[in-house]
Peer 1: 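Pasting a structure below so you can have a look.
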Amino acid sequence: MTQRRGDGTVGVPAAWLVCALLPVALVCACHSTRQAAAPTTSTTRAATTATPTTSASAAPILKIAPLPVRPVNKSQPTSPQKCPATDPNHPVAPTEAFTTCDIGRTTLYALGPETMQLGLIHVEPPKSLAAGYYDVTLTLDPPSASAWASYTAAHLQDHVAFVRDNLVLEAPIIEDPVTYGRIALTTQTAEGAAQLAQLAGRPS
């Protein structure tokens with residue numbers, strides 16, 4: 001709305017103020033075997049200083065789905081044609097063993113029942129490393145960080161798999177206890193790293 005002053009100029013009422021709130025997004029590393037194997041999570045908030053006429057509610061916090069961990073009983077190279085079919089809408093029961101491939105469909109894994117599920121609070125975007133590799137770093141919630149530290153200390157040299165949608169995201173061999181609550185997943189292509197981050201950071 002405009003107002004015309006006595007001198008003929010047009011003015012805008014001072015009461016037209018805007019208050020905006022931008023969307024808010026959320027947020028161990030084992031030495032892994034170099035096998036081909038979320039959205040970024042940063043917090044950004046901005047608001048103008050004004051006398052609001054209505055209250056704005058904050059966007060809901062993104063909760064990442066727990067990440068299952070299974071022991072690897074056997075692994076071998078394969079081709080996509082030899083990988084078993086998987087259905088992400090029907091996950092294998094935690095108590096059941098099963099055979100599946102990695103997301104790149106280059107390795108076939110025989111997996112045992114779940115040993116734990118890791119709670120994630122942040123998945124970083126892929127980061128380029130030397131020699132053409134890419135890392136996707138996961139940050140664990142405090143209870144999972146403690147549980148993973150105890151597990152890795154007790155299972156040195158064990159082969160484990162991080163699983164999502166009945167596929168193996170990565171299957172590292174535990175070489176050292178992991179006490180800092182972060183897991184770095186590694187892949188060889190930018191496309192694979194983007195898929196890895198998307199699957200790892202999938203909302204629950």
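Small disclaimer: the values here were computed from a predicted structure and weren't measured.
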Peer 1: Looking only at non-hydrogen atoms, find the nearest pair between Thr95 and Pro113 and report the distance.
Peer 2: O-CG, 3.5 Å
Peer 1: Taking side-chain contact (heavy atoms from CB on, under 4.5 Å) as the criterion, tell me which of Leu118, Val136, Thr152 meets it with Ile183.
Peer 2: Leu118
Peer 1: Report the C-alpha separation of Leu111 and Asn73 in whole Å, then their side-chain angles, then the decisive distance to 0.1 Å, and conclude whether the side-chain contact (heavy atoms from CB on, under 4.5 Å) test is met.
Peer 2: CA-CA 6 Å; Leu111 304 178; Asn73 297 326; over 6 Å; no
Peer 1: Go through Phe162 and Val69 one step at a time and tell me if the side-chain contact (heavy atoms from CB on, under 4.5 Å) criterion holds.
Peer 2: CA-CA 5 Å; Phe162 303 111; Val69 180; 3.8 Å; yes
Peer 1: Just how far is it from atom NE2 of His159 to atom CD1 of Ile174, taken to the nearest 0.5 Å?
Peer 2: 10.0 Å
Peer 1: Taking all atoms of both residues into account, what is the closest heavy-atom pair of Pro84 and Arg105, and its distance?
Peer 2: O-NH1, 4.2 Å
Peer 1: Identify the two heavy atoms, one from Pro91 and one from Asn166, that lie closest to each other, and give their separation to 0.1 Å.
Peer 2: CA-OD1, 3.4 Å
Peer 1: Could you check whether any side-chain heavy atom of Ser128 comes within less than 4.5 Å of a side-chain heavy atom of Tyr133, counting everything from C-beta outward?
Peer 2: no
Peer 1: Taking ring pair (Phe, Tyr, Trp, His ring centres under 6.0 Å) as the definition, give me every residue that meets it alongside Phe98, ordered by chain and number, with sequence neighbours left out.
Peer 2: none
Peer 1: Pair Thr86, Leu167 - check side-chain contact (heavy atoms from CB on, under 4.5 Å), show working.
Peer 2: CA-CA 8 Å; Thr86 59; Leu167 292 171; 4.1 Å; yes
Peer 1: Looking at every non-hydrogen atom in both residues, tell me the closest pair between Glu96 and Arg70 and how far apart they are.
Peer 2: O-NH1, 2.6 Å
Peer 1: Rounded to the nearest 0.5 Å, what separation is found between the CG atom of Leu67 and the CG atom of Leu120?
Peer 2: 5.5 Å
Peer 1: Atom OG1 in Thr187, atom CG in Asp135: separation rounded to 0.5 Å?
Peer 2: 10.0 Å
Peer 1: Could you state the interatomic distance from NZ (Lys127) to OG1 (Thr186), rounded to the nearest 0.5 Å?
Peer 2: 10.0 Å
Peer 1: How long is the span from the CZ atom in Arg164 to the CG atom in Leu196, to the nearest 0.5 Å?
Peer 2: 10.5 Å
Peer 1: Kindly say whether Pro142 contributes a backbone atom to a donor-acceptor pair with the side chain of Ser146 at under 3.5 angstrom?
Peer 2: no
Peer 1: Looking at every heavy atom in both Ala200 and Leu138, which two are closest together, and how far apart are they?
Peer 2: CB-CD2, 3.8 Å
Peer 1: Taking only residues at least two apart or on different chains, which pairs with a member in residues 72-145 satisfy disulfide (SG to SG under 2.5 Å)?
Peer 2: Cys83-Cys101
Peer 1: Which pair of non-hydrogen atoms, one from Gly181 and one from Ala145, has the smallest distance, and what is that distance?
Peer 2: CA-CB, 3.7 Å
Peer 1: Roughly how far, to the nearest 0.5 Å, is the OG1 atom of Thr99 from the OH atom of Tyr109?
Peer 2: 12.5 Å
Peer 1: Report whether Val168 and Leu108 are members of the same hydrophobic cluster (ILVMFWY, side-chain heavy atoms less than 4.5 Å apart, transitive linking).
Peer 2: no
Peer 1: Just jot down the salt bridge (Lys or Arg N to Asp or Glu O under 4.0 Å) partners of Asp165, sequence neighbours excluded, or say none.
Peer 2: Arg202
